[in-house]
Amino acid sequence: QGVLVPGLGTFAVVHEQINSTEEVYVVRRPVFQLGMDMSCLRELVFPTVVMPGDIEIMPLDYWQLSETNSFPPDVVRGCVEETILLYSFQLRDRQCPTFAFENIGILSCQDNVLCMQFHCSCIAGLESRDTGVALLLT
């Protein structure tokens with residue numbers, strides 16, 4: 001399953017098969033597909049991620065987010081939208097900001113490369129059996 005964050009992109013978990021000489025590994029690993037307006041990303045490079053067609057993409061659940069804090073869903077939605085808008089303006093102005101997602105990872109821009117780096121704990125939480133392989137792939 002994936003989650004669409006409007007104006008930013010889609011987070012999902014993919015299953016990937018790796019063949020070694022001794023064994024076949026199937027690991028779960030997180031991916032991020034950028035979904036920002038490309039006109040604001042002039043001269044920035046970002047990895048192309050292709051989501052498999054069988055992944056169900058759900059919209060960001062503002063109700064669930066509001067349950068983790070004391071703000072109503074409409075306030076949470078406004079905060080998310082304003083934060084993404086601010087981030088896109090900073091990218092357009094070449095400020096190279098870092099966007100941290102708690103317990104997930106960091107979206108950063110270094111040397112004109114926009115890249116999502118997942119925390120090891122996020123990857124390990126998804127893949128308990130072959131964590132080392134998943135970490136190497138991600």
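No experiment lies behind these values; they were computed from the predicted model shown.
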Can you name the nearest heavy-atom pair linking [X] to [Y], along with the distance?
X: F101; Y: H119; answer: O-NE2, 4.1 Å
X: L114; Y: Y87; answer: CD1-OH, 3.5 Å
X: V49; Y: Q33; answer: O-NE2, 2.9 Å
X: Q1; Y: I55; answer: C-CG2, 3.8 Å
X: M36; Y: G7; answer: CG-O, 3.3 Å
X: L60; Y: P6; answer: CB-CD, 4.5 Å

Would you indicate whether the side-chain heavy atoms of [Y] and [X] approach each other to under 4.5 Å?
X: V75; Y: C79; answer: yes
X: N112; Y: V45; answer: no
X: V80; Y: Y62; answer: yes
X: L107; Y: T98; answer: no
X: F71; Y: S66; answer: no
X: F99; Y: T83; answer: yes
X: L44; Y: L91; answer: yes
X: I104; Y: M116; answer: yes

Are there more than 12 heavy atoms of other residues, nucleotides or ligands under 6.0 Å from atom [atom1] of [X]?
X: D111; atom1: CG; value: no
X: Q64; atom1: CD; value: no
X: E102; atom1: CD; value: no

### Task
First locate atom CG of N103, then atom CZ of F118, and finally report the distance between them rounded to the nearest 0.5 Å.
13.0 Å
